[in-house]
Amino acid sequence: MRDVRVVLIGGTSNVGKSTVAQVVAERLGFAYLTTDRLARHPGRPWRTPEWEVPAHVAEHYGSLTVDELITSVLAHYDRLWPRIEDLITTHAAENGGRTGLVLEGSALWPRRVASLRVPRTAAVWLTADDTVLRARIHAAGHYEAATGDEQHLMDKFLARTERYQTLMTEALGSLGLDRIDAGDGRSAADLADTVLAAAALQNMVGRSTAVQ
């Protein structure tokens with residue numbers, strides 16, 4: 001791959017960004033980071049053995065409409081963008097003395113990334129059919145065994161996830177940015193190969209002639 005020092009991987013929740021990004025980082029010998037680590041917006045609203053849903057997270061998904069949920073998360077990403085841009089710029093610097101970076105997260109909104117004028121930076125977005133996202137979220141939250149209230153919160157999270165992807169995909173299409181189908185059953189290793197191939201062909205951030 002050319003002199004790329006930063007690889008950005010965007011996409012909606014549960015599309016597989018973190019798994020693929022970690023494979024890409026390992027292949028390149030780069031550091032891996034998720035935008036979730038920079039500032040956390042209310043995350044998944046389902047219990048795990050190690051985590052209980054905080055009251056404010058349940059309130060967030062339970063009280064807001066899908067439109068309000070989208071407005072809230074996009075506003076959060078707008079506030080977060082200066083930190084993201086600074087991180088990208090720092091790691092892309094030729095003499096920065098830092099390792100390269102693979103950065104993934106839903107906060108990598110297409111129009112923001114398309115405005116970057118940072119050399120040695122590539123970007124791709126992962127997408128998946130809504131049925132794939134639904135199956136993954138239901139499995140993660142043990143939907144069938146959940147209470148009615150828990151299912152309601154998961155339904156709202158899923159609706160926000162699907163709406164986000166719809167808006168994101170429309171933006172990608174209008175801007176001519178690279179996206180890859182991550183829901184077709186390919187392994188993380190195969191998807192990482194496709195990400196790297198797309199990144200190698202980009203002559204502007206997020207734009208290449210790669211055939212997906």
Side-chain angles (χ1 to χ4, degrees), residues 4 6-28 30 32-44 66 69-70 72-74 76-78 80-81 84-85 87-88 101-116 121-141 157-199 202 205-208 210 212:
V4 169
V6 177
V7 178
L8 308 175
I9 302 178
T12 196
S13 299
N14 290 83
V15 78
K17 300 182 299 297
S18 61
T19 302
V20 174
Q22 289 176 67
V23 176
V24 172
E26 183 177 357
R27 297 265 185 90
L28 296 175
F30 285 6
Y32 159 79
L33 182 65
T34 174
T35 59
D36 287 347
R37 288 287 188 90
L38 302 179
R40 189 72 175 176
H41 192 261
R44 60 177 184 268
V66 176
L69 290 172
I70 284 291
S72 174
V73 76
L74 291 181
H76 170 68
Y77 295 157
D78 282 343
L80 191 57
W81 181 252
I84 293 173
E85 187 171 20
L87 188 65
I88 294 167
L101 175 68
V102 178
L103 178 66
E104 61 87 2
S106 299
L108 298 172
W109 187 246
R111 295 191 186 282
R112 289 289 194 181
V113 174
S115 71
L116 285 171
T121 300
V124 298
W125 285 260
L126 305 184
T127 60
D129 190 83
D130 285 351
T131 58
V132 173
L133 297 174
R134 184 178 302 112
R136 290 177 179 176
I137 289 171
H138 282 189
F157 180 88
L158 175 60
R160 190 201 74 175
T161 297
E162 293 173 342
R163 180 75 62 82
Y164 177 96
Q165 178 167 260
T166 296
L167 296 172
M168 181 196 78
T169 302
E170 291 172 353
L172 293 174
S174 67
L175 294 165
L177 299 174
D178 282 348
R179 68 184 181 98
I180 296 166
D181 183 1
D184 60 359
R186 284 186 292 169
S187 68
D190 286 343
L191 288 169
D193 287 340
T194 307
V195 169
L196 290 169
Q202 290 182 9
V205 178
R207 296 179 175 89
S208 77
Q212 308 300 327

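Just so you know, these numbers come straight off a predicted model, no measurement behind them.
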Test of understanding: with salt bridge (Lys or Arg N to Asp or Glu O under 4.0 Å), list the residues that count as partners of [X], not counting sequence neighbours.
X    : answer
R163 : D67
R160 : none
D190 : none

Does some side-chain heavy atom of [Y] sit less than 4.5 Å from a side-chain heavy atom of [X]?
X    : Y    : answer
R134 : T161 : no
I180 : V20  : no
Y164 : V66  : no
R207 : L175 : yes
L33  : L87  : yes
R44  : N14  : no
I9   : L108 : no
L28  : V7   : yes

To the nearest 0.5 Å, what is the distance between [atom1] on [X] and [atom2] on [Y]?
X    : Y    : atom1 : atom2 : answer
R136 : L158 : CZ    : CG    : 12.5 Å
L126 : D178 : CG    : CG    : 11.5 Å
I88  : W81  : CD1   : CH2   : 4.5 Å
L80  : L74  : CG    : CG    : 12.5 Å

What is the minimum heavy-atom distance between [X] and [Y], and which atoms define it?
X    : Y    : result
T12  : K17  : O-NZ, 2.7 Å
Y77  : A107 : CD2-CB, 3.4 Å
L133 : S13  : CD2-O, 3.7 Å
G105 : T35  : CA-OG1, 3.3 Å
V15  : A182 : O-CB, 3.7 Å
P110 : M168 : CG-CG, 3.8 Å

Would you find a donor on one side and an acceptor on the other, under 3.5 Å apart, between the side chain of [X] and the backbone of [Y]?
X    : Y    : result
Q165 : D130 : no
R179 : G173 : no
Q22  : S18  : yes

Ion pair check, R186 and D181, cut-off under 4.0 Å: no

S115 meets the side chain to side chain contact (heavy atoms under 4.5 Å, CB included) criterion, sequence neighbours left out, with none

Show every side-chain hydrogen bond (donor to acceptor under 3.5 Å, both in side chains) that has at least one partner inside residues 101-112, sequence neighbours left out. Y32-E104, T34-E104, D78-R112, R111-S174

For V23 and V195: C-alpha separation, side-chain torsions, deciding distance, then whether side-chain contact (heavy atoms from CB on, under 4.5 Å) applies. CA-CA 10 Å; V23 176; V195 169; over 6 Å; no

Who passes ring pair (Phe, Tyr, Trp, His ring centres under 6.0 Å) against H41, sequence neighbours left out?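 Partners of H41 under the ring pair (Phe, Tyr, Trp, His ring centres under 6.0 Å) test: H60, H76.
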
